[in-house]
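Note that this is a predicted model, so its numbers are computed, not measured.
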Amino acid sequence: MSVALSACDGNKTGSAAQGSVAGALALQTPFPPISKEAADDCSLVLYGDSILNGTYVLAEHAMRHPRNPVAELKAQRPAWQIDDRTQPGQSLAKLAKNFANDPRSSRVVVIGSGIAEGWSGGSVMSNLPWMLEAVRYEGRTPVLTGYARQVPNSFITPDKMAGRDRVDAEAKALARESDVEFADFGAAGPVGIADDVHPTQTYSLRLTGQLIEALDRVAPECSH
C-alpha cells in the first residue's frame, strides 16, 4: 500500500503559488517558434501519473502493465512518436513546478496529471489553465485527459471519490471552454482495479482507447 500511495502523491501544499510563479514564467520565457516539420509530424509528449504510466502494485511491488498506455498507443497508432514523461507520483502541482521551462519539441502535448489534487481536496484550476496557455504559446497542441475511476475501499473514501469527480468535471469544463481536445477517461467503464487505486490491464486498455480517440480527432493523419 505504501507504494500505491507514493505512486499517486496527493500533496497540494503551495500549488496555487506554484501555479502563479510558473504561469509568470510561461509568459516570460521566449520559446522558439515551432518548426514546419514539427507542425506536420506525429509527435507527442505524454505527461501523467502512475495511472497513465500503467503502474500498479502487486505484493507491495510496483509493476507496469505490459500493455501500458504508451506501449498500446505505439502498437495501435505506430505513426506517433512518443516522448513518455509519465511518472508515478506526479501530481499536477509537481508537474507544474518545471513545466514552463521543460523543453518540448513535439506537435502535441498530453496532460494527464491531476487526480491527486482531487483526492486531497484540491483543484486543478490553479495550474491547468496556464499550462494550456504555455503549450499554445509554444505553438503546440494541448490535449487534456480526464481521470480514471476507482471503487470504494479502505483508501478510496467517499471524499476521495467525490474529489475525483470534482477535478474531472473541472478538466472537462476547461477543455470545452478552451477548445481543447479531451480524452474522457470517466467514460471508459466498467471500472476494474488491480490494487486500491490503479486500473487493471483491461481497464487501462479502455482508458488508452479514450486517449487514442482524442488523438485521432486532433490529428487524423496520424491514425493509420
Side-chain angles (χ1 to χ4, degrees), residues 8-34 38-39 43-53 69-70 82-148 163-164 166-186 207 210-211 214-215 217-219:
C8 290
D9 184 1
N11 181 18
K12 65 186 176 72
T13 304
S15 62
Q18 293 159 0
S20 299
V21 172
L25 287 173
L27 295 177
Q28 295 171 8
T29 304
F31 292 99
I34 190 168
S43 61
L44 67 87
V45 173
L46 187 64
Y47 292 103
D49 55 24
S50 54
I51 293 174
L52 200 52
N53 180 267
V70 171
I82 305 167
D83 183 354
D84 179 12
R85 302 188 190 181
T86 59
Q87 295 181 19
Q90 188 180 72
S91 66
L92 190 64
K94 284 185 176 180
L95 176 59
K97 287 181 179 179
N98 299 309
F99 187 81
N101 293 313
D102 195 18
R104 289 174 284 271
S105 60
S106 68
R107 173 184 176 185
V108 175
V109 178
V110 177
I111 303 175
S113 294
I115 197 171
E117 275 70 16
W119 288 343
S120 60
S123 169
V124 296
M125 294 305 290
S126 60
N127 284 311
L128 271 186
W130 73 257
M131 293 167 79
L132 292 183
E133 290 308 310
V135 171
R136 282 176 158 167
Y137 183 72
E138 295 173 13
R140 312 186 197 290
T141 301
V143 173
L144 289 182
T145 77
Y147 304 110
R164 176 266 160 208
R166 183 183 63 257
V167 294
D168 188 74
E170 288 177 348
K172 183 181 292 188
L174 176 63
R176 181 175 60 251
E177 294 163 4
S178 304
D179 194 24
V180 169
E181 197 59 61
F182 183 73
D184 191 356
F185 283 7
L207 298 174
Q210 292 293 318
L211 177 57
L215 292 172
R217 293 190 293 269
V218 165

4.5 Å side-chain heavy-atom contact, L44 and V143:
no

Would you sort out whether V110 and L211 count as a side chain to side chain contact (heavy atoms under 4.5 Å, CB included), showing the intermediate values?
CA-CA 9 Å; V110 177; L211 177 57; 4.0 Å; yes

State which residues pass side chain to side chain donor-acceptor pair (under 3.5 Å) with Q210; sequence neighbours excluded, sorted by chain then number.
none

Give me the atom names and distance for the closest heavy-atom approach of W119 to R164.
NE1-CB, 4.2 Å

Examine R104 relative to F99 and say whether NZ or CZ is less than 6.0 Å from the centre of the six-membered ring and inside a 45° cone about the ring axis.
yes

Walk me through whether Y147 and V167 qualify under side chain to side chain contact (heavy atoms under 4.5 Å, CB included).
CA-CA 8 Å; Y147 304 110; V167 294; 3.7 Å; yes

To the nearest 0.5 Å, tell me how far D184 CG sits from L207 CG.
10.5 Å

F185: partners by ring-ring contact (aromatic ring centres under 6.0 Å, His included), with sequence neighbours left out
none

Reported CG-to-CD1 distance for the pair L215 and I82, which is rounded to 0.5 angstrom:
8.5 Å

Output all residues satisfying side chain to side chain donor-acceptor pair (under 3.5 Å) with R136, sequence neighbours left out; order by chain, then residue number.
none

Rounded at 0.5 Å granularity, tell me how far CD in E181 sits from OG1 in T141.
10.5 Å

Give a yes or no on whether a salt bridge exists between D102 and R85, defined as a side-chain N under 4.0 angstrom from a carboxylate O.
yes

Test S123 against E117 for side chain to side chain contact (heavy atoms under 4.5 Å, CB included), laying out the working first.
CA-CA 6 Å; S123 169; E117 275 70 16; over 6 Å; no

Going by the rule side-chain contact (heavy atoms from CB on, under 4.5 Å), which residues pair with T86 if we only count those two or more places apart in sequence or in a different chain?
L46, L52, N53, R64, D84

All heavy atoms of S43 vs all of S105, minimum pair found to be OG-O, 4.4 Å

Heavy atoms of A171 and V124 approach each other most closely as N-CG2, 4.4 Å

Could you tell me which non-hydrogen atom of D168 sits nearest to which non-hydrogen atom of G146, and how far apart they are?
OD1-CA, 3.2 Å

Using the test side chain to side chain donor-acceptor pair (under 3.5 Å), find all partners of S113 that sit at least two apart in sequence or belong to another chain.
Q90

List in chain and number order the residues that pass side-chain contact (heavy atoms from CB on, under 4.5 Å) with A173, two or more places apart in sequence or in another chain; answer none if no residue qualifies.
R176, E177

Hey, could you give me the CG/CG distance between L174 and L132, rounded to the nearest 0.5 Å?
5.0 Å

In Å and rounded to the nearest 0.5 Å, what is the NZ to CG distance from K94 to N127?
14.0 Å

Sorted by chain and residue number, the side-chain contact (heavy atoms from CB on, under 4.5 Å) partners of R166 (sequence neighbours excluded) come out as E170

